[in-house]
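In what follows, a single structure is set out as structure tokens and then discussed.
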2 protein chains.
Amino acid sequence: MSSPAFHPHDHGHCIATALAQAEQVVAARGLRLTPVRRRTLEILLERHGAMGAYDVLERLAEDGFGHQPPVAYRALDFLVENGLAHRIRRINAFTACLHPGEDHHAAFLICRACNGVAEIPAARLRAVMEAGAAEADFSIERVNLEALGLCPECRMAEAGGKA
Amino acid sequence: MSSPAFHPHDHGHCIATALAQAEQVVAARGLRLTPVRRRTLEILLERHGAMGAYDVLERLAEDGFGHQPPVAYRALDFLVENGLAHRIRRINAFTACLHPGEDHHAAFLICRACNGVAEIPAARLRAVMEAGAAEADFSIERVNLEALGLCPECRMAEAGGKA
DNA sequence: GAGTGTAATGTTACATAGTAACATGTCAAC
DNA sequence: GTTGACATGTTACTATGTAACATTACACTC
Ligand SMILES: [Zn+2]
Ligand SMILES: [Zn+2]
Ligand SMILES: [Zn+2]
Ligand SMILES: [Zn+2]
């Protein structure tokens, strides 16, 4: 199964399974998926896309949660630390993880036009990276593998716009 | 030759060749390595490390250049656009490129303790990334391949510190 | 060698992103 | 019902990055 992110699919299914798995992960670790945290995850799950912390915050505020940056950052950090979301450094944004629980190394395809994000498996990438690091006697702790470009839809739109 | 960045070496040589190559690249493109730009590159070249734009700016200001952020960002952007420096998104910083001119895709090993940065070849990484993108029908324009961890020296220091 | 166009530099002012520190609330355990 | 741990909220601030515009340097023309 390749990433459905950029293609039509039953996204309700994505959301349902991601939430269910999130519950499990959190329970297994003896942590709590509190209202803010859950809502934050739901917001991220609305699209296969990335959202800035301040956009998330705005949504949370609308829902009656706090209005200050730490409210969003704390929830987002919680999700990231527990593998329920990923941070996309390239665009200072966050995206929900589609298959939390599975200990995976992910890479990201980021559409510069629509902020869409697809998560692709990165086991091989990680391995190659580790090999390079070994040669330099460097010990890797975290990796960020991100590609910026155009998703199929936005590529069409750009090509069409020129015509 | 593996990356010398984290090991003792004749760094004057790194600097000299990088500057010479920079001159060539810029001349070949009909651009100008003006004083600010050159000085910015020299500052980045002082170490195999990453510097934030504001740190660079401070140094530039000391040398009599402007004191405002755009001064640094413009010079840095020029260097990045022409392959003379790289931007490290993970830590919002910039690092000099060690072999400009050669059209290369680089990955970076970033020491979280000393901000040291080693550039490693990323042709294979890029290829794997492209393969993943192809499956998702995504067209890549730029990639960021970064690993955070500890360089050999800082790893020793940390291990030693515990003892 | 004055005039003109372009690139580069500089400035002000602002936008966006992220965090430290502390006060308050919640809730389970004892 | 008190304690302790965690979660939420706030204020206030730091850090990073840009838009917009004024000024300067310099090549090129006439
Ligand atoms: Zn979906
Ligand atoms: Zn798109
Ligand atoms: Zn060197
Ligand atoms: Zn180090």
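Only a predicted model underlies this, so the values are computations on that prediction, with no experimental measurement involved. First the proteins, then the strands, lettered A, B, ... as listed; each starts at 1.
Shortest non-hydrogen contact noted between A/Arg87 and A/Glu146 is O-OE2, 3.9 Å. Shown here for A/Leu57 and A/Gly66, the closest heavy-atom pair between the two residues is CD1-O, 3.6 Å. In terms of heavy atoms, B/Ala136 sits closest to A/His7 at O-NE2, 3.5 Å.
In this structure, A/Phe78 places its CZ atom 7 Å from P of D/dA7, rounding to the nearest Å. Rounded to an integer number of Å, the gap from A/Leu60 CG to D/dG9 C1' is 13 Å. The distance from atom CG of B/Leu76 to atom C1' of D/dT16 is 12 Å, rounded to the nearest whole Å. Rounding to whole angstrom units, CZ of residue A/Phe65 and C1' of D/dG9 are separated by 12 Å. Whole-Å rounding puts the A/Leu57 CG to D/dT10 C1' distance at 12 Å. Between A/Arg29 atom CZ and D/dC6 atom P the separation is 16 Å, expressed in whole Å. Between B/Leu31 atom CG and C/dA7 atom C1' the separation is 11 Å, expressed in whole Å.
Here A/His9 and A/His48 bring their ring centres to under 6.0 angstrom of each other. Residues A/Phe94 and A/His86 place their aromatic rings such that the two centres sit no closer than 6.0 Å.
Within residues 42-51 of chain A, no residue has any heavy atom under 4.0 Å from DNA chain C. Near DNA chain D, meaning a heavy atom under 4.0 Å from it, residues 107-116 of chain B has no residue at all.
Put simply, the side chain of B/Leu109 does not reach to within 4.5 Å of the side chain of B/Val117, judged on heavy atoms. Put simply, the side chain of A/Arg37 does not reach to within 4.5 Å of the side chain of A/Leu41, judged on heavy atoms. Using a 4.5 Å heavy-atom cutoff, the side chains of B/Cys111 and B/Glu153 are not in contact. Using a 4.5 Å heavy-atom threshold, the side chains of B/Arg59 and B/Arg39 count as touching. For the pair B/Leu33 and B/Phe78, the minimum side-chain heavy-atom distance is below 4.5 Å.
B/Thr34 has a side-chain polar atom (N or O) that falls below the 4.0 Å cut-off from OP1 or OP2 of C/dT9.
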Protein proximity profile, nucleotides 14-30 of chain C - base contact B, sugar-phosphate-only contact S, no contact -, cut-off 4.0 Å on heavy atoms: ---BBBB----------
Stepwise side-chain hydrogen bond (donor to acceptor under 3.5 Å, both in side chains) test for B/Asn144 and A/Arg89: CA-CA 9 Å; B/Asn144 288 93; A/Arg89 318 289 317 198; over 6 Å; no
